Amino acid sequence: MENYAILSLETHLFFARIMKEHGLFLEAGFVCADKACIEKADWFRRQFEELLRDAVRLGNGRVNRWIINSDELVTEFTLSAEECTEKLSGVPIDSEITRQEKKLLPGRRINADRELVSAVNNLNRRALRLLNEFIAFKESILREVRDGKLFTVNYPLLIEHILREARLYFTTVEELLNNRQLSYKNLKYAMEFRELLEQARRQDCRAMGLTEEALAETLKIRDFKAAGTKGILNCEIASIILPLLADHVLREANHYIRLLETGSEE
């Protein structure tokens, strides 16, 4: 049960923030004529913000040190990006959650008591309910944009991307609920690296070498994204990208770097 609780909290600490920002990006991207869409996106933003707040509270003193140190939860730019994005978009952002995440302490080995497991169960089920609705909302947006019935400044490719991430989050939480004895290693390879390892088998090469190659390339992308985030925040790069979106994709790169680094050590 210890693995189940910690893995669940670490999953929510990363993905709930990603989802609440998806809500913000969608909300900020609609025009005045689509008031209902704006309100619905705002509702999802607030719901995932609340989920993240609870995950931070439960995760403090319990999650692994490498999660905290990976910069996948928050980066050096996140607070500034939130403040700037709130001013530019008019969408409120609770940056106190970010401040609390920056103070997160790693955990020692714990025995997951009944109270913690119950709280984690509730968090997981809340996430699945929200994600089920959020996925349907994103699918409807994408469908209406393709049919010429809805306008948004968010490109269809971006909507497809955030839809895939919501589905991955859903599948990960569902996997945790169905198999509470999952280890971090098993969950990682089951959910994130299935395609990578299958590619290695097809090419009859060592999976380790492929992982190391992927890590090297992802590090280059991460550095590019970090430079881009800094440039947008400092107004050195003219862009229609919200500063928080730049920090958002940087955190995603850090997340996959952490997974690849763990994979290369096993």
Side-chain angles (χ1 to χ4, degrees), residues 11-12 14-52 72 81-82 84-86 88-93 126-175 191-196 198-199 214 217-218 221-222 224-225 228-229 232 237-253 255-256:
T11 296
H12 295 306
F14 175 71
F15 274 112
R17 175 175 285 276
I18 293 295
M19 291 301 119
K20 88 181 185 76
E21 291 171 352
H22 286 177
L24 186 151
F25 303 147
L26 290 171
E27 181 180 357
F30 292 122
V31 294
C32 297
D34 297 308
K35 185 178 179 182
C37 288
I38 293 172
E39 290 175 351
K40 195 165 186 178
D42 183 70
W43 184 83
F44 282 115
R45 179 190 61 78
R46 288 184 282 107
Q47 294 301 309
F48 281 108
E49 195 167 71
E50 186 65 31
L51 189 74
L52 177 61
E72 67 187 81
E82 286 183 334
C84 187
T85 296
E86 183 171 7
L88 291 171
S89 68
V91 179
I93 300 173
R126 276 171 60 195
L128 287 182
R129 287 194 298 270
L130 279 171
L131 285 164
N132 192 48
E133 295 180 48
F134 204 21
I135 288 167
F137 180 51
K138 289 174 177 178
E139 287 173 338
S140 70
I141 292 170
L142 188 58
R143 185 168 54 250
E144 291 191 27
V145 167
R146 285 173 171 169
D147 291 343
K149 297 177 180 178
L150 180 68
F151 174 79
T152 172
V153 299
N154 292 307
Y155 291 112
L157 193 61
L158 176 62
I159 301 171
E160 290 174 5
H161 170 74
I162 66 176
L163 179 55
R164 284 194 299 271
E165 288 183 332
R167 287 170 176 161
L168 174 61
Y169 186 12
F170 183 95
T171 307
T172 303
V173 176
E174 191 174 50
E175 191 84 10
M191 305 306 303
E192 305 273 0
F193 284 137
R194 184 179 295 149
E195 183 177 346
L196 185 66
E198 180 59 30
Q199 182 181 345
E217 292 304 313
T218 308
I221 294 170
R222 188 274 311 275
F224 174 77
K225 289 179 176 180
T229 303
I232 289 171
I237 298 175
S239 173
I240 63 169
I241 295 175
L242 286 170
L244 192 56
L245 177 54
D247 184 69
H248 177 100
V249 297
L250 173 58
R251 276 180 269 118
E252 289 178 343
H255 172 69
Y256 286 102

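Just so it is clear, the model here is predicted, and its values are computed rather than measured.
Screening I162, L131, L52, L24 for a side chain to side chain contact (heavy atoms under 4.5 Å, CB included) with M19, the sole residue that qualifies is L131. Considering E165, E82, E252 as possible partners of R17, the one that fulfils the salt bridge (Lys or Arg N to Asp or Glu O under 4.0 Å) test is E82. If you run side chain to side chain contact (heavy atoms under 4.5 Å, CB included) between L142 and each of R146, E144, E139, only R146 comes through.
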Trace of the side chain to side chain contact (heavy atoms under 4.5 Å, CB included) decision for E86 with L244: CA-CA 9 Å; E86 183 171 7; L244 192 56; over 6 Å; no
Steps toward side chain to side chain contact (heavy atoms under 4.5 Å, CB included) verdict (K138, F44): CA-CA 11 Å; K138 289 174 177 178; F44 282 115; over 6 Å; no
Step-by-step side chain to side chain contact (heavy atoms under 4.5 Å, CB included) determination, W43 to R46: CA-CA 5 Å; W43 184 83; R46 288 184 282 107; 3.8 Å; yes
E50 vs Q47, side chain to side chain contact (heavy atoms under 4.5 Å, CB included): CA-CA, chis, key distance, verdict: CA-CA 5 Å; E50 186 65 31; Q47 294 301 309; 5.6 Å; no
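Using cut-offs of 30° and 60° for the angle between ring planes, the F25 and H22 rings count as tilted. Between Y169 and F15, the two ring planes are parallel [angle under 30°; tilted spans 30° to 60°].
Separation of atoms CG (L163) and CZ (R167) is listed at 3.5 Å; rounding is to 0.5 Å. Within the model, atoms CG of L245 and CG of L250 stand 11.5 Å from one another, a figure rounded to the nearest 0.5 Å. The CG atom of L158 lies 7.0 Å from the NE2 atom of H161; values are rounded to the nearest 0.5 Å. To the nearest 0.5 Å, atom CD1 of residue I18 and atom CD of residue E72 are 9.5 Å apart.
Residues R126 and H12 have side chains not in contact (no heavy-atom distance under 4.5 Å, counting atoms from C-beta outward). N132 has its side chain out of reach of L128: every pair of non-hydrogen atoms, C-beta onward, lies at least 4.5 Å apart. Looking at I93 and K20, their side chains come closer than 4.5 Å, going by heavy atoms from C-beta outward.
Between A81 and D247, the closest heavy-atom pair is CB-CB, 4.1 Å. Between C84 and P243, the shortest heavy-atom distance links the atoms SG-CG, 3.6 Å. The two residues I237 and G228 come nearest to each other via the heavy atoms CD1-O, 3.9 Å.
The local environment of CD1 in I241 is sparse, with at most 12 non-hydrogen atoms from other residues, nucleotides or ligands closer than 6.0 Å.
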Throw together a table of side-chain donor-acceptor distances under 3.5 angstrom for residues 26-40, partners on residues two or more places apart or in other chains.
{"unit_1": "E27", "atom_1": "OE1", "unit_2": "R45", "atom_2": "NE", "d": "3.4"}

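Of the possible donor and acceptor atoms, none in the side chain of K225 sits under 3.5 Å from a partner among the backbone N and O of A253.
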